[in-house]
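Okay, so here's the structure we're looking at.
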Amino acid sequence: MTLFDQKQRTLLGPARNNSNSYTYYNDSARKDVGVVRDLVESWFEKYPEEEKEEMRSRFKVTFDDTFYELYIFTLFTALGYKLTVHPEIPETDKKPDFKAEKGNEHFYIEVKYITMLSQNEKGQKRRENELLDGLNKIDATNFLLSLKEIIFKDQSQPSNKLIINHFNKLIGEIDPDAYTEQMEKLGFGSLPVLLYEDDKVRIRLTLLPKVAHKRGVQSRAIGSFPIITQIGNDSSDIKTALERKAGRYGKFNAPYIICVNKQSISLDLIELQESLYGSMASTWSTDPNNRDEKLELSGNGFFGSLKNKKATRVSGVYLTNANTANLASTADHAFRHNQFAEFPINLVITNSVKDILSIKENYPYD
């Protein structure tokens, strides 16, 4: 059994914002997508035959979650472990994701992919993606869109048809040569802002004129997106995800680790530290002659503290930020031991993701 279909592929464009990831990887004829597809297929080939059908089905529905599960299987196999999928556990019908064995060493692995989005936020993201897919259908033969602001006024989906027709009418009345001349003389700040607003959404954008030799060719319309910022960090979400997995299977009578994948540009070790050991807190002595001020971990993290030991069934946590595209570039990982674990583990992971998985330097472009 193969993960992707063996077929002739003709789809050359990029994925739509709301497209199904499995469907896109299965249909795309782009060379870089083919490189990713071939890599994931090679991993899937080594997955236990009796588990392939179930994993293939899940790939079609929850691509990112299932990819991470296959990633963990592949990575620990590359580290020299033999992995059993969904091993039996005494006195419970529940099964963790893997049991890893090497010589006399064995431990259990549970895998968790976290998106950091609530159900409401996921719904909002789907609405945003549907709108962006619509904006990309605006006539872009002479201009690209520079999005300045998108504000949803309620939980309903705006009409892409109305929005497309509105902007196409406005853009059709603009002379690209005169527009380019104005931009060159007065700068980007002089460009007019185009507005669409109804009871569902408000959209503000400017136009980026195409150079003369690229005009007349239809393309994806969006040239730049609004800047998206985030206040705070995700340490509490990581901690919550770990707590839900910590006692799920009772006692293993063996080491047990939780692998968590958090999607971000880089792996934030400060967030990992706060989620496991707690935030930094100032302490000082009441002795006026020796205040002894210092920063210490507060102990309110997943592992707790010496005075308040937590999650003792969990031997360690492996945090990653891996996805299909970043394995040779920004994919990173960190394993942290729980010093209070009932069953300590000797696992050490020091090599890079790229080296462990033998990923080529210029992946996925070769």
Side-chain angles (χ1 to χ4, degrees), residues 65 68-69 71-72 75-76 79 81 83 87 89 92 94-100 102 105-116 230 232-264 266-284 292-322 331-351 353 356:
D65 306 57
Y68 184 56
E69 193 172 319
Y71 164 90
I72 290 296
L75 184 133
F76 277 89
L79 290 173
Y81 292 94
L83 266 65
I89 303 297
T92 180
K94 296 178 180 178
K95 300 178 181 180
D97 291 312
F98 303 112
K99 180 181 181 181
K102 185 198 298 185
E105 179 186 6
H106 75 279
F107 55 90
Y108 294 94
I109 301 173
E110 183 69 358
V111 177
K112 177 65 177 176
Y113 177 89
I114 50 179
T115 64
M116 306 302 178
Q230 176 177 308
N233 63 40
D234 298 314
S235 59
S236 62
D237 298 274
I238 297 171
K239 181 184 174 185
T240 299
L242 292 171
E243 289 171 343
R244 290 174 179 170
K245 293 289 187 179
R248 179 174 172 81
Y249 304 101
K251 289 190 176 182
F252 285 106
N253 294 321
Y256 167 52
I257 70 170
I258 303 175
C259 302
V260 177
N261 198 55
K262 170 188 172 293
Q263 283 304 289
S264 63
S266 61
L267 190 67
D268 193 325
L269 295 180
I270 294 177
E271 290 183 7
L272 176 60
Q273 175 176 286
E274 288 187 357
S275 64
L276 298 181
Y277 307 108
S279 54
M280 298 298 293
S282 298
T283 64
W284 59 85
D292 191 26
E293 295 184 23
K294 54 188 175 182
L295 285 174
E296 293 182 343
L297 291 169
S298 62
N300 60 352
F302 177 65
F303 289 154
S305 65
L306 186 60
K307 295 180 180 179
N308 183 26
K309 301 174 183 178
K310 298 179 181 179
T312 56
R313 297 176 183 178
V314 180
S315 307
V317 170
Y318 174 61
L319 183 68
T320 67
N321 67 332
D332 203 353
H333 52 194
F335 182 77
R336 294 292 182 266
H337 297 84
N338 183 359
Q339 60 181 323
F340 311 125
E342 184 178 356
F343 296 97
I345 190 170
N346 294 321
L347 179 65
V348 176
I349 302 176
T350 55
N351 289 344
V353 170
I356 293 173

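Keep in mind it's a predicted model, so treat the numbers as computed, not measured. The analysis underlying the following values was restricted to heavy atoms, covering all of them including side chains, and did not include hydrogens, waters or symmetry mates.
- Counting all heavy atoms, side chain and backbone alike, Lys310 lies closest to Gly301 at CD-O, 3.7 Å.
- In this structure, the side chain of Ser315 engages the main chain of Tyr256 through a donor-acceptor pair within 3.5 Å.
- The heavy-atom pair separating Phe303 from His337 by the smallest distance is CE1-O, 3.5 Å.
- The heavy-atom pair separating Leu79 from Lys102 by the smallest distance is O-NZ, 3.0 Å.
- Looking at Asn351, its side chain never comes within 3.5 Å of a backbone N or O of Ile356 through a donor-acceptor pair.
- Counting all heavy atoms, side chain and backbone alike, His106 lies closest to Pro255 at O-CD, 3.6 Å.
- Atom CG of Leu276 is separated from atom CD of Glu274 by 10.5 Å, given to the nearest 0.5 angstrom.
- Atom CG of residue Leu83 and atom NZ of residue Lys99 lie 11.0 Å apart, to the nearest 0.5 angstrom.
- Between the side chain of Glu110 and the backbone N or O of Ile258 there is no donor-acceptor pair closer than 3.5 Å.
- Looking only at side-chain heavy atoms (C-beta outward), Thr320 and Tyr71 come within less than 4.5 Å of each other.
- Taking 4.5 Å as the limit, some side-chain heavy atom of Ile345 sits within range of a side-chain heavy atom of Phe335.
- Taken to the nearest 0.5 Å, the CZ atom of Phe343 stands 15.5 Å off from the CD1 atom of Ile257.
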Original post:
Do Tyr318 and Leu75 pass the side chain to side chain contact (heavy atoms under 4.5 Å, CB included) test, and can you show the C-alpha distance, the side-chain angles, and the key distance before you say yes or no?
Top reply: CA-CA 12 Å; Tyr318 174 61; Leu75 184 133; 3.5 Å; yes
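- In this structure, CG in Asp97 is found 4.5 Å from CD in Glu69, a value given to the nearest 0.5 Å.
- For the atom pair CG (Leu347) and OH (Tyr81), the distance works out to 5.0 Å, reported to the nearest 0.5 Å.
- At least one donor-acceptor pair under 3.5 Å links the side chain of Asn321 to the backbone N or O of Asp332.
- Ring geometry for Tyr68 versus Tyr113: interplanar angle of 30 to 60°, hence tilted.
- Side chain of Asn338 to main chain of Ala311: a donor-acceptor pair is present (N/O by atom type, distance under 3.5 Å, no hydrogens or angles).
- Residues Phe340 and Thr312 share a closest heavy-atom pair of O-CG2, 3.4 Å.
- Across all their heavy atoms, Tyr108 and Pro96 have their closest contact at CD2-CG, 3.9 Å.
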Subject >> Phe76/Cys259 under side chain to side chain contact (heavy atoms under 4.5 Å, CB included): CA gap, chis, key distance, verdict >> reply: CA-CA 11 Å; Phe76 277 89; Cys259 302; 4.2 Å; yes
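- When the options Val317, Ile238, Thr240 are evaluated for a side-chain contact (heavy atoms from CB on, under 4.5 Å) with Phe302, the one that passes is Val317.
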